[in-house]
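Here's the structure we're looking at; comments come further down.
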Protein chains: 2
Amino acid sequence: MTPNYPTQVSILEVGPRDGLQNEAQTIPLQAKTDFIHALAKAGLTRIEAGSFVSPKWVPQMADSAEVFKGISRLPGVTYSALTPNDKGMQAALESGVDEVAIFAAASEAFSMRNINCSIAESLKRFETVMQMANDNGMKVRGYLSCVMGCPYEGEILPDKVAEVTKTLLDMGCYEVSLGDTIGVGTPGHTHRLFDTLLEDIDVSKLAAHFHDTYGQALANLVVALQYGVNTIDSAAGGLGGCPYAAGASGNVATEDVVYMLNGMGIETGVNLNAVLAASNAMFGHLERQATSRTYTAMLAKCNRSY
Amino acid sequence: MTPNYPTQVSILEVGPRDGLQNEAQTIPLQAKTDFIHALAKAGLTRIEAGSFVSPKWVPQMADSAEVFKGISRLPGVTYSALTPNDKGMQAALESGVDEVAIFAAASEAFSMRNINCSIAESLKRFETVMQMANDNGMKVRGYLSCVMGCPYEGEILPDKVAEVTKTLLDMGCYEVSLGDTIGVGTPGHTHRLFDTLLEDIDVSKLAAHFHDTYGQALANLVVALQYGVNTIDSAAGGLGGCPYAAGASGNVATEDVVYMLNGMGIETGVNLNAVLAASNAMFGHLERQATSRTYTAMLAKCNRSY
């Protein structure tokens, strides 16, 4: 009665960008590059390493060009960055970024409050970025936020998510990462979302980017896996927290995801102990504990003998 | 494509016993009875309120008789207790306990280390308890520990779990609560476990008692629900922690479970805000934060306006 789970899952590690961007402390450049090296050595072959956005908006990412200059690249690893506009895209190209990402919200209210324009306008602004990426033979990933709920609008209809997802794919994104930005979704939402999305969209074009704010991320991922989703975004140690609920969990932790997939016999190519070591070094720079349960349990077990 | 989930789930709240028993602080009697009252008012109709075990072994439960004397009982609520032997059973009967529980391990090594006898011997010792319960028309629940793994033996075979579960049912337990005592199970283990158990056992006889040590509890519960399991044990706020990994999470939190089931449209009769209030009052007596993600997010949201 076991459903058909994918045999392999590709994990996209978002800790160095989505994670660190939401931490209170600014991390030294060397610690960032060390972190990225450690993640790549742990077997993570897709690493979101920075964001080419105004340092006024996101001071934690002000050194993304230096990060890309500073890292030694492992063959087979894709180092990507978020590019909000043509200026960011230009900087990304100059930094030798492997792949870029654009973003939109599935909630009009969130789009207005977050970037001060409608969803349609926000997508229009990315046309130049898409053109530049095309001209340079660069792949573009799409991030879609608030796919299960919005802090301003509440529940978001799956039809709206499907509509914006299709637009992002039509614009040329090779994949859309479905973000439960405030972590409010449950397996109920996840079923409704994929029931709708898969009517018109091939599952290979979709990634799950779930947050663990209400502890639902792994439960939602199990459901997503049952629909055939085989790309998962996660952050080492659960870096990032939730900007909408201080002290709460944010991105699902890479350790928790890998532990689960290991136990399900789903291959990731990721070494769990090595991710733990990468997280442990990074959390030495932060004034808070990692929220990853697997990280916490594994460290506690290391410190104990029975 | 949404699987057949149960429309209703019965939650058995284990915070006052399984939870508090594993906390470092000793909780005053009044705080315990207040807690139990608050949980019952929150709509939890099955509450494990104490344990009639030697105070030398479990000092936190030394006042269980006083707890049962001190509580005002809500109609429709079952207040249960753990009874390790005939002496405990006698005390439970004198305290007017509604229902009792016996326990065994699915791991021989765990049984030997925990209670210094084999699984078969441990079950034999409960024969008098079962007889006393029968004579008094009292229902007996069975707890089975280490169903997905053992701290000493490692992985536990589903066949072994099935064997001991059947023995507990044959002895007269109306239900067996399947405990992932150290929280190591994943959806992979959960599938294997229920694929085996349901060959011979009716799902209505089984309850899921999962721990969140590695963050897997809700993911495992989703799978259990897909097999038709409709009784879930949980502890308010995630009380209890993990005795095998200090600082790590233990029992899955009632809030996280109720949040998930609410989102799935599965009825529990439990008021989430009221559970949160009950946990919040109890954690005022403890020198640690609640591990429940839903609790943390909901409290953070209360303290913030956006």
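In what follows, every heavy atom counts, from backbone to side chain, and hydrogens, waters and symmetry copies are set aside. It should be emphasised that the depicted structure is a prediction, and the values quoted were computed from it without experimental measurement. A, B, ... follow the sequence lines: proteins, then strands. Residue 1 opens every chain.
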Whether B:Glu255 side chain and B:Thr294 backbone form a donor-acceptor pair below 3.5 Å
no
Point to revise | Polar side-chain atom of B:Asp180 near backbone of B:Val184 as donor-acceptor pair, under 3.5 Å | key: yes
Checked A:Asp212, A:Leu221, A:Asp256 vs chain B; the most non-hydrogen pairs under 4.5 Å come from A:Asp212
- request: Inspect the contact between B:Glu155 and B:Arg192 and indicate whether a charged nitrogen and a carboxylate oxygen are less than 4.0 angstrom apart.
  value: yes
**Asked** Are any of the side-chain heavy atoms of A:Val275 and A:Tyr295 separated by less than 4.5 Å?
**Response** no
ask   = Taking atom types as modelled and ignoring hydrogens, do the side chains of A:Glu287 and A:Gln25 form a donor-acceptor contact shorter than 3.5 angstrom?
value = yes
| query | Does A:Val252 offer a backbone N or O that forms a donor-acceptor pair with the side chain of A:Ser234 under 3.5 Å? | reply | no
Pair count under 4.5 Å, heavy atoms only, with chain A: among B:Gly185, B:Ala253, B:Cys242, B:Pro187, highest is B:Pro187
Aromatic rings B:Tyr259 and A:Tyr214: how do their planes relate, parallel, tilted or perpendicular, breaks at 30° and 60°? parallel
Bottom line for A:Thr213: the part with an atom under 4.5 Å from chain B's heavy atoms is both
Under 4.5 Å to a heavy atom of chain A? For B:Thr291 that would be both
Bottom line for A:Thr186: the part with an atom under 4.5 Å from chain B's heavy atoms is side chain
- Query: Does B:Ser122 use its side chain to pair, donor to acceptor, with the backbone of B:Ile119 at less than 3.5 Å?
  - Reply: yes
Check whether A:Glu13 reaches the backbone of A:Gly15 with its side chain - one donor and one acceptor, N or O, closer than 3.5 Å. yes
Assert top hit (heavy-atom pairs under 4.5 Å, partner chain A, pool B:Asn220, B:Leu218, B:Val223, B:Thr296) equals B:Leu218
Bottom line for B:Tyr5: the part with an atom under 4.5 Å from chain A's heavy atoms is side chain
Contact list (residues 263-272 of chain B to chain A, heavy-atom gap under 4.5 Å, by number) returns B:Gly263, B:Met264
